[in-house]
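Below: the structure, in structure tokens.
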There are 2 protein chains.
Amino acid sequence: MSSGEVKRTGRPTDEAKREAILTAAADSFFAHGFAASSIEQIAADAGVSKVTIYNRFGDKRALFIAAVERECEQLRGNLEMPQVASGNLRDRLTAIGEAMTAFLSRPKMVQFERRIAAETEHESSVGEAFLVAGPWRMKRAFAALIDAMHEAGDIEVDDPELAAEQFASMCKGMGDLERRFGAAPDPQRNRERIAGAVEVFCRAYARD
Amino acid sequence: MSSGEVKRTGRPTDEAKREAILTAAADSFFAHGFAASSIEQIAADAGVSKVTIYNRFGDKRALFIAAVERECEQLRGNLEMPQVASGNLRDRLTAIGEAMTAFLSRPKMVQFERRIAAETEHESSVGEAFLVAGPWRMKRAFAALIDAMHEAGDIEVDDPELAAEQFASMCKGMGDLERRFGAAPDPQRNRERIAGAVEVFCRAYARD
DNA sequence: GTTCAAGTGAACGGAGGCGTTCAGATTGTC
DNA sequence: GACAATCTGAACGCCTCCGTTCACTTGAAC
């Protein structure tokens, strides 16, 4: 019935404007925070009237939520696990660790996490939504890989989710935390962390 | 010469007021963020005139820095490693893991980390100061413990700092991240994480 | 009791932001 | 061209906040 687009009379809404607004909003919110961002500035950056924002999103908080949801969607597209079914165990683990570190190290990602965490203080649903869209999804995917390795007889693991957490956590080490608090990146140390994680993981779980 | 207190004429400064101001400032800044906190509210909470704050701290930013520094000092006092020289390796590691998780799980700590990370976006010195006062100090202390275990012949470790990171990271697992994003705490899972970390660490590094 | 700095209360200027209103311009469909 | 909706620009009311000024009070030391 009402599925698909409903034919409406009058000037149609400009979806490009919606995108422009959300992009400007995300840029501002994630760079300056909710309180320090102004709707007027966002409207100017988006090349749009302030009234348009209010007409389409209601108020500042709703705009923030919409920006977060859009960012989570984009995030969802980027966290594909590398399809490394080939190679030996150590090579596959290394590839996974490197992909994950690269993914988490992007400045945009660091900034986004910082902001979501801060805003979780007052809007805990924001934090929960992020967990569902990002880390938990990633953990499940990675646990499935671990489980597949177990089924294939490469490793011996009781609790795949725990093992996934352990490997991912070791790869991150303190690098995650250091990025969050603005320390200079150290690619060499990151490689050592990944190599160390592979080594420890294999010593603990590899068969034979 | 000018060491010790200099005798001054006139009404002496009330140090209790300084403490009250910093406490109120920390409460507000870490709960609502820098931009969303108001000096007037902080003054009211501290039971102090707004002018007093300006006289003693200059401006809002300086007050924020002072509040952060004081919080870091308090943090410094709380992160003593448990002195568990007794017991076998697994028991000692478990005690360390539990102490660390308890320390990092306190709501105050979670809140503080969230805020420092957010504010690092604009004032990177804040993040660096925190790293020095907290995590890096903790890592060095823990690496020293690992090194002592190595010297004692309990474990065989090449890179104590890396091993310290690995064990701490496995203990945290995703619990750290989940706390930061407001998920409900799961003590059972935390215990499993610690037990799992001890197990993997021992399989990888324990002698015989 | 005098001296002098610390602290108070109230008011002010200036700025910026949220959300609203409204007349008018724009851009589609019938 | 008529219609109907979106979009715009400018202004407005209201509020909050920063940082300052100033006359005044408080309290310790001499």
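All figures in this text were calculated on a predicted structure; none of them were measured in a lab. Atom set for the values below is all heavy atoms of this structure, side chains included, hydrogens, waters and symmetry mates excluded.
Side chains of V126(A) and F64(A) form a contact here, defined as non-hydrogen atoms less than 4.5 Å apart.
A tilted orientation is assigned to the rings of F167(B) and F142(B), their planes being inclined by 30° to 60°.
For the pair R189(A) and E192(A), the salt-bridge criterion is met [side-chain N within less than 4.0 Å of a carboxylate O]. Between R193(B) and E161(A) there is no salt bridge, since none of the side-chain N atoms of the basic residue sits less than 4.0 Å from a carboxylate O of the acidic one. Ionic pairing of R61(B) and E123(B) is present here: one or more N-O contacts between side-chain nitrogen and carboxylate oxygen are shorter than 4.0 angstrom.
Judged purely by distance below 3.5 Å, without hydrogens or angles, the side chains of T23(A) and R70(A) pair a donor atom with an acceptor atom. Checked by atom type, the side-chain pair R114(A)/Q111(A) shows no donor-acceptor distance below 3.5 Å.
An OP1 or OP2 oxygen of dA6(C) is reached within less than 4.0 angstrom by no side-chain nitrogen or oxygen of T52(B).
Of the residues in residues 38-46 of chain B, S38(B), I39(B), E40(B) come within less than 4.0 Å of DNA chain D through at least one heavy atom, sorted by number. Against DNA chain D, the stretch residues 53-71 of chain A makes heavy-atom approaches under 4.0 Å through R56(A). Within residues 15-27 of chain B, no residue places a heavy atom under 4.0 Å from DNA chain D.
Across all non-hydrogen atoms, the minimal contact from I42(B) to A24(B) is O-CB, 3.7 Å. Nearest heavy atoms, T120(A) versus G127(A): OG1-CA, 3.2 Å.
Not one N or O on the side chain of S37(A) forms a donor-acceptor pair closer than 3.5 Å with the backbone of H32(A).
Evaluation of the ring pair (Phe, Tyr, Trp, His ring centres under 6.0 Å) rule for F30(A) yields F112(A) as partners, not counting sequence neighbours.
Applying the 3.5 Å distance criterion, the base of dG19(C) shares a donor-acceptor pair with the side chain of K50(A).
At whole-Å resolution of the value, CG in D14(A) and P in dA5(D) are 18 Å apart.
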Side chains of residues 168-177 of chain A: which donor-acceptor pairs under 3.5 Å do they make with residues two or more places apart or in other chains?
residue, atom, partner, partner atom, Å
S169(A), OG, E165(A), O, 2.7
D176(A), OD1, R179(A), NH2, 3.4

Protein-nucleotides 25-28 of chain D N/O pairs under 3.5 Å:
residue, atom, partner, partner atom, Å
dT26(D), O2, R11(B), NH1, 2.8
dG27(D), N2, R11(B), N, 3.0

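Under the side chain to side chain contact (heavy atoms under 4.5 Å, CB included) test applied with Y205(A), the options H150(A), M149(A), Q166(A) reduce to a single match, Q166(A).
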